[in-house]
Asker: 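I'd like to ask some things about the structure below.
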Amino acid sequence: MATAFSTAKFSTQPFPLNPTSTTSHDSSIVFARPTSQFLGSTRKFRLTSSSKFNLSRRSKTVVAVSDVVKQKKSKSSPSLLITKEEGLDLYEDMVLGRAFEDMCAQMYYRGKMFGFVHLYNGQEAVSTGFIKLLKQQDSVVSTYRDHVHALSKGVPARAVMSELFGKTTGCCRGQGGSMHMFSREHNLLGGFAFIGEGIPVATGAAFTSKYKREVLKEADCDHVTLAFFGDGTCNNGQFFECLNMAALWKLPIVFVVENNLWAIGMSHLRATSDPHIYKKGPAFGMPGIHVDGMDVLKVREVAKEAIGRARRGEGPTLVECETYRFRGHSLADPDELRDPAEKARYAARDPITALKKYLIENSLASEAELKTIEKKIDEVVEDAVEFADESPVPSRSQLLENVFADPKGFGIGPDGRYRCEDPKFTEGTAHV
Amino acid sequence: MAAIFQGVGAAATLSSSPSNSFVPKKFLTSPRRSFCVPSSVVVRSDGSVNFDLNSKSRRAQQLVANAVATKADSSAASSSSNPGHELLLFEALREGLEEEMERDPCVCVMGEDVGHYGGSYKVTKDLAKKFGDLRVLDTPIAENSFTGMGIGAAMTGLRPVVEGMNMGFLLLAFNQISNNCGMLHYTSGGQFTIPIVIRGPGGVGRQLGAEHSQRLESYFQSIPGIQMVACSTPYNAKGLMKAAIRSENPVILFEHVLLYNLKERIPDEDYICNLEEAEMVRPGEHVTILTYSRMRYHVMQAAKTLVNKGYDPEVIDIRSLKPFDLYTIGNSVKKTHRVLIVEECMRTGGIGASLTAAITENFNDYLDAPIMCLSSQDVPTPYAGTLEEWTVVQPAQIVTAVEQLCQ
């Protein structure tokens, strides 16, 4: 991958991550109108914008952040952004995501899982780059393309696979499915089928974090929430409403846009008046950053700054990750609209191959070590399938169990007793 | 302990009839509050209380020993000796909210103009001064998103009370209420609870126009996983508000624009009203009239006329719109064998329609006549006062309906 270190584009104040590159900031905005020129362009999506946003309130922040980055640079050798352990950790996470999704496709075509299944192949750098920086108490909110977010956050592969098979050992007891992965333990707040629906929920989780710190006086509460969503969602009202509220109250949240250029069959350019999503951040008073989402190291650097900002109470950030999904929108999507040349171009920028190359070239890991990891992941995924296969399907008694947290909500029956006391309820045969 | 109606400003007189007297005292009696305070022995609202001066209507009591005990106020008897304090319904709501906020620091309020403005109907007046701007959060005008924010906050440990400035505005939040509020507990396999309360004024007001006169209970009733309650007196308003906040389930509390200035004397001590129970307003023998919210007062007005004509209606305020209290309702049906439902919801797919179905399913054998349901016309509420009057059920129609049912 040739462009391992091209700069991330900031719409607040451009500055290079890699001090070795001379400025590559074009003064003019370079993006194509919705023609094949954009899709066929071999140039990277290079954009800068003259910053119209008055940084007087925020310039302090941005400078501080860049200082942190520069400091980091001086510690280690100039081109290494990660240690060996970190590198292997990132590699393993991305390989897990890829292997798992490939297995999902296999299992789907074998009739083990049904419905709508949306795979994440190609976008692993975003999930790994961001989520591996989080603590367990930080929250992640995702969309229907949530398997890999769940895995990166720490939900065991077994639990996710069982959930996909609809078994009772799944992370949601088989009641959620592919599009509704939840985990209280790992603070994964879903898994939402309608786009944009999770963004307010993420805003609420960030609000709780701020509330805990300021009202409940838990002074060390610095939990951050990440909201992942796509390019199509960025035209939805909930997105804008939440950008406003998050910036207004300086909520500890990072809005991560996984711009894979396509919303099922709708090209981002055909749907959006101004396709530069990162520019929409400053309109609401937060920094907007564009980053190459096929490069896990770049994503990670940007993520560190954004998450750090949120943790310090400086407010939200909008990060647009340019990425691509190698498969169709879902396993039911024939994926006929996308240009094969575009797909080939992005396939050449496979984030896993890129990280592998980086690790080997910089002597952080050997081929053998990486092969070991791949083998290990294969075993994990196979074990997950076996576990899911052998797990029981939900019994009838599970049907009515989680409708209400307090089952008195089913009401009082004609006999004067609460209906939840009726044995038919525990059997699942009662009619509600 | 009569509820005295005070017409103040926009929330003016309830009844459109020229009569000056409203609900006569003899139909509203002091022990009504005991219906809201279940003991562990008697769950149903007909507790051991002396309620009606009309001797004909003393009912046999049915004690159920094994119903789930809710938080019992053991001083049910002693509360009648306590003078209590008088306040208006919106003040009762505020009192309930304030008490819960003091009791649990995780309770917070979010909505438009709830903070500095004190709420468009003053339910949250001065709460922001007391608890701060973060606990009583003034939101931008983004119902869908701040309701979703409330849901996310509820999932992560807070207990938000989301106010819709008018219930109709919550149509914009339907996505979040239906998809997330009702469903997330189930789709997460029980991992996340959503102890949120969504409340606001709805119903047909005084010439507010179609969009401000909506009754959303019919739209929300199908959503699995939520509970809906409607308050109608200061006593049950405070009780239901507190119970809703303490409940682990998402609860939608329907208030009515025209009821905010009702005055009543309520107890000083802590009490809640059971979310799933109905309230016996006036026991009777001839016909069961089921109602809720504002229509309760139209029914009681009609009841006055009916009594003069020699009828003995039993009036039940169902209060719990979802789920229905089939026990109280069933007992009444078994006694009177005739049912009249009076509601403000639209005819099609309203609460009355569901209630008719539920009664037919469960108590068909006990009915001597088909269930009659009086609802508002399926008409966008007109602005003109006369037209608006005719969209909503009036006491005269109730009287006619009872006469028809009982012949």
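Proteins get letters first, then strands, A, B, ... in listed order; numbering begins at 1 in each.
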Asker: Quick check on B:Phe146 against chain A: is it the side chain, the backbone, both or neither that has a heavy atom closer than 4.5 Å?
Answerer: both
Asker: Taking A:Ile199, A:Asn244, A:Leu189 one by one, which has the highest count of heavy-atom pairs under 4.5 Å against chain B?
Answerer: A:Leu189
Asker: Please state whether the side chain, the backbone, both or neither of B:Leu134 comes within less than 4.5 Å of a heavy atom of chain A.
Answerer: both
Asker: Indicate whether any N or O donor in one side chain lies under 3.5 Å from an N or O acceptor in the other, for B:Tyr292 and B:Glu217.
Answerer: yes
Asker: Report yes if the distance between the aromatic ring centroids of A:Tyr418 and A:Phe410 is under 6.0 Å, otherwise no.
Answerer: no
Asker: Under 4.5 Å heavy-atom distance to chain B, tell me which part of A:Glu197 shows up: side chain, backbone, both or neither.
Answerer: both
Asker: Report which part of B:Leu137 has an atom under 4.5 Å of a heavy atom belonging to chain A: side chain, backbone, both, or neither.
Answerer: side chain
Asker: So which of A:Cys171, A:Ala202, A:Gly170, A:Ser139 has the biggest tally of heavy-atom pairs under 4.5 Å with chain B?
Answerer: A:Cys171
Asker: Examine the side chains of B:His116 and B:Asp133 and answer whether a donor and an acceptor come within less than 3.5 Å of each other.
Answerer: yes
Asker: Could you check whether A:Phe255 and A:Phe228 have their ring centres less than 6.0 Å apart?
Answerer: no
Asker: Please look at A:Phe194 and chain B and tell me whether the side chain, the backbone, both or neither of the residue comes under 4.5 angstrom of a heavy atom of that chain.
Answerer: side chain
Asker: Using a 6.0 Å cut-off, check whether atom OH of B:Tyr366 has over 12 heavy atoms from anything other than its own residue.
Answerer: no
Asker: Please state whether the side chain, the backbone, both or neither of A:Phe240 comes within less than 4.5 Å of a heavy atom of chain B.
Answerer: neither
Asker: Could you tell me which portion of B:Met110 (side chain, backbone, both or neither) has an atom closer than 4.5 angstrom to a non-hydrogen atom of chain A?
Answerer: side chain
Asker: Give, as side chain, backbone, both or neither, the part of B:Asn175 having an atom under 4.5 angstrom from any heavy atom of chain A.
Answerer: both
Asker: Tell me, side chain or backbone of A:Asp406 under 4.5 Å from chain B's heavy atoms, or both, or neither?
Answerer: both
Asker: May I ask you to name which of A:Val403, A:Thr208, A:Val215 has the most heavy-atom pairs under 4.5 Å with chain B?
Answerer: A:Thr208
Asker: Given heavy-atom pairs under 4.5 angstrom as the criterion, report whether the side chain, backbone, both or neither of A:Thr225 touches chain B.
Answerer: neither
Asker: With a 4.5 Å cut-off on heavy-atom pairs, point out which of A:Gly198, A:Gly191, A:Ala405 contacts chain B the most.
Answerer: A:Ala405
Asker: At a 4.5 Å cut-off on heavy atoms, which part of A:Lys210 comes close to chain B: side chain, backbone, both, or neither?
Answerer: both
Asker: So, are B:Arg319 and B:Glu276 salt-bridged, with charged N and O less than 4.0 Å apart?
Answerer: no
Asker: Stepwise, does the side-chain hydrogen bond (donor to acceptor under 3.5 Å, both in side chains) test hold for B:Ser332 with B:Glu314?
Answerer: CA-CA 8 Å; B:Ser332 182; B:Glu314 178 155 293; 2.6 Å; yes
Asker: Quick check on A:Glu163 against chain B: is it the side chain, the backbone, both or neither that has a heavy atom closer than 4.5 Å?
Answerer: neither
Asker: Would you check if the distance from the ring center of A:Phe229 to the ring center of A:Phe239 is below 6.0 Å?
Answerer: yes
Asker: Below 4.5 Å from any heavy atom of chain A, which atoms of B:Ser320 appear? Answer side chain, backbone, both or neither.
Answerer: neither
Asker: Can you see whether B:Glu143 engages B:Gln176 through a side-chain donor-acceptor pair at a distance of less than 3.5 angstrom?
Answerer: no
Asker: I'd like to know which of B:Ser188, B:Ala142, B:Cys106 tops the heavy-atom pair count under 4.5 Å against chain A.
Answerer: B:Ser188
Asker: Looking at B:Arg246 and B:Glu100, is there a salt bridge between them, counting it only when a charged N and a carboxylate O are closer than 4.0 Å?
Answerer: yes
Asker: Can you tell whether the side chains of A:Arg213 and A:Glu218 come within less than 4.0 Å, N to carboxylate O?
Answerer: no
Asker: Relative to chain A, which segment of B:Thr147 carries a heavy atom at a distance below 4.5 Å: side chain, backbone, both, or neither?
Answerer: neither
